[in-house]
2 protein chains.
Amino acid sequence: MLHVAEAARVSVATVSALLNGTATVSPELSQRIEQAIRDIGYKRNAIARSLKMGTTRTIGLTVPHITNPFFTDVVSVIQQAFDRAGYAVMLCCTDEDLNTQDEQIRLLLDRMVDGLIVARVGDGGILKRIVEDANVPVVLLDRLCEGVDTDAVVLDNRRAVFDAVTYLIHLGHRRIGYITGTSDISPMHDRMIGYREALQAAGLPVAEELVRSGNFHEIDGYNATMQLLSLHDRPSAIFSANNPMVIGTMKAIRDIGLSCPEDISVACFDDFPWSDVFVPQLTTVAQPVQAIGEQAANLLLDRLAGNRDAPPRKLVLKGRLMIRNSCRPLGAVAQSVSA
Amino acid sequence: MLHVAEAARVSVATVSALLNGTATVSPELSQRIEQAIRDIGYKRNAIARSLKMGTTRTIGLTVPHITNPFFTDVVSVIQQAFDRAGYAVMLCCTDEDLNTQDEQIRLLLDRMVDGLIVARVGDGGILKRIVEDANVPVVLLDRLCEGVDTDAVVLDNRRAVFDAVTYLIHLGHRRIGYITGTSDISPMHDRMIGYREALQAAGLPVAEELVRSGNFHEIDGYNATMQLLSLHDRPSAIFSANNPMVIGTMKAIRDIGLSCPEDISVACFDDFPWSDVFVPQLTTVAQPVQAIGEQAANLLLDRLAGNRDAPPRKLVLKGRLMIRNSCRPLGAVAQSVSA
DNA sequence: AACGCTAATCTAAACGTTTCGAACGTGTCA
DNA sequence: TGACACGTTCGAAACGTTTAGATTAGCGTT
């Protein structure tokens, strides 16, 4: 900017004024300055600007795993939304590890991000203090956090699973296996409640041996399913509360020599592009990823626009059961081997 | 830092020296300073640091679509690698649009990223100048760029498709449909060459009506497949050079009332977590995503570590044909309806 | 006792912006 | 004619660091 100012024979203040439109500058000087900018190929240094202004027009986004298709989609939507608003987004993957998350949040804060969108992991960790300090606005994504009172957008997980399990019950299933991730995060907790409530509402017992939990990975789903299928009175249906884990479920079913839906019905959380392409077409609970991403972005953008004092807003969106053909009716005569 | 210095009754220079270990500071002062840091809850401002140092420990990463599973995986690997090295990564999605890409690169450069990893789009656009200016190191990912001479890691696309198509030919297929993305990016171009060469090597004609191109999206794959399947002499196999488009291919096959692999064989580029879970298990060309991501990260980290003058390095990795059961042998008696 | 050496600390100038208030010229009004 | 307001431009301080070079203190030598 100094060079531009010299070349245009004006002060840096004038260049700045022109660039930001913060003061009127005469057509004459404007032209000289613009010419100089072109000649020199000047680009304003956003770092210096950030230092002075105290704002970076950058936000931080952390998710557990970007390869989880739910997060892939949501990240994509959020990225687009902030891109439109002229913000950059720094992406971090916490790998479901609290220490990693804390470190990454610190890293983001060091870099003075203007805001944070967090699909948190473990208990809140450092998050709690950050929200309390209220220096940078935080919106919680997908997962609420006890003791962290801030904007959030989540799914009505309890209801979504309640509906899905009720659907299985209506098909005639009585023993429904349930595979969950570690229950220390709110969605897993709420989904489990939905499962229990659906069984109870139908007057069915909640058999603890039908509930297995794992650590969100394919292999965990595989192991959990193996256990369920080797039960002496094995379930006729399995609901997987987590998308990556259902891959393991399907592989276990195949490896054990069974097939879906003939021998066992399967449904899971989170829709994905392939879910209706192959056989069986998987029945899933689809989250409104577009809406979730946009709402999260909007909540944060609103805070960034200056609306700091409004009380925390919590948005609860509804899932949608995508009924396909991985669950078959039970009880009547066995269905034909249609596949 | 000023407050810390005051509280510890030392100068800011000493605080800085301690924090960076750039000079020895006595145990006495060290302790006072550390105490003050704890008391105040001081965090070093990375922006100010960046301004002074001219480095942000942040890199920019642009990909066309993060929802394309290939890019999802690669982004994930790259993110992890830079995280380990203490770098933050700013992620941008260019949506296969050159203007968007140029804008985002400008945005990243404004923010003084230390380096750039780009899965480029269109012709190089602004990229060319940036590489020539050589202020910030650039590594090309997945896609080379004419006239942009810089580090790159790509797949041997020609060979990968050559192998895949040759496999189809060995199965007895003679009319093999080919669906490609727009051919202005190197992988699409090279893959097409691989297709043609495989046909030629087998003494088969290259029938132009069997080649369809689209814009990388599911719907384009759907339309292309519809066209191929309505040919009077329709292909017995289809190879899709792009992953998202093969979803459209499978849906088109289903919608038209055919089934895979009984009526038509399908193979495609890029493996994904679901490819061997359902029926049919899709035969794919798997890219070594882990290696691609790591190599790209390493190339850039090496430049960032100061190795600026080495000539551009171009890494070419090999794909791997994952043979499953979406392609059936032809010519002999029709296979049983096994699915 | 004076000197030089070393180690520890400090002063002050950058880095590239923004912005406040002052300065300047010009035209208007009493 | 002088005072004043207005529109433009500028000087300089500030943002929070790093760092070169100056300063100081301590200590062994001669």
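These numbers come from the heavy atoms of this one structure, side chains and all, not from hydrogens, waters or symmetry mates.
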Open item on the list: If the cut-off is 4.0 Å, is Arg44(B) near the phosphate of dT18(D), judged by side-chain N/O to OP1 or OP2?
Closed with: yes

- [ ] Grab the CE-P distance between Met53(B) and dA20(D) for me, whole Å please.
- [x] 11 Å

Open item on the list: With heavy-atom distances below 4.5 Å as the criterion, would you say the side chains of Thr55(B) and Arg49(B) are in contact?
Closed with: no

TODO: Grab the CG-C1' distance between Leu51(B) and dT18(C) for me, whole Å please.
DONE: 13 Å

Task: side-chain N/O Thr14(A) vs dC10(D) OP1/OP2, d < 4.0 Å - done: yes

Open item on the list: Check the phosphate of dA8(C) against Ser26(B), side-chain N and O only, distance under 4.0 Å to OP1 or OP2. Yes or no?
Closed with: no

Task: Thr58(B) versus Arg111(A), side-chain donor and acceptor atoms under 3.5 Å - done: yes

Open item on the list: Rounded to whole Å, how long is the line connecting atom CG of Leu2(B) with atom C1' of dC10(C)?
Closed with: 14 Å

TODO: Tell me which of Val25(B) and Ala48(B) sits closer to the 5' end of DNA chain C, going by the nucleotide each one is nearest to.
DONE: Val25(B)

TODO: Please report the shortest heavy-atom distance between Met188(A) and Gly181(A), naming the atom on each side.
DONE: SD-N, 3.3 Å

Open item on the list: If the cut-off is 4.0 Å, is Thr24(B) near the phosphate of dA7(C), judged by side-chain N/O to OP1 or OP2?
Closed with: no

Task: Interatomic distance where NZ belongs to Lys52(A) and P belongs to dT19(C) [whole Å] - done: 8 Å

Task: Integer-rounded Å distance: dC20(C) P and Asn20(A) CG - done: 12 Å

Open item on the list: Heavy atoms only, 4.0 Å cut-off, all strands: where does Ser16(B) land among base, sugar-phosphate and nothing?
Closed with: base

Open item on the list: So, does Asn45(B) get its side chain near the phosphate of dC15(D), meaning an N or O under 4.0 Å from OP1 or OP2?
Closed with: no

Open item on the list: Side chains of Leu155(A) and Asp142(A), heavy atoms from C-beta outward: is any pair under 4.5 Å?
Closed with: no

Open item on the list: For a quick check of understanding: with a heavy-atom distance under 4.0 Å over all strands, which category does Ile47(A) fall into, base, sugar-phosphate or nothing?
Closed with: nothing

Task: Whole angstrom value for the distance that separates C1' of dT8(D) from CD1 of Ile33(A) - done: 11 Å

Task: Test item: Val118(B) and Leu141(B) side chains (from C-beta on) under 4.5 Å apart, heavy atoms - done: no

- [ ] Quickly work out the Arg49(A) CZ to dT17(D) P distance and round it to whole Å.
- [x] 21 Å

Task: From dT19(C), dT17(C), dC10(D), nucleotide with atom closest to Leu29(A) side chain - done: dC10(D)

Open item on the list: Distance check needed: dG16(C) P versus Leu19(A) CG, whole Å only.
Closed with: 16 Å

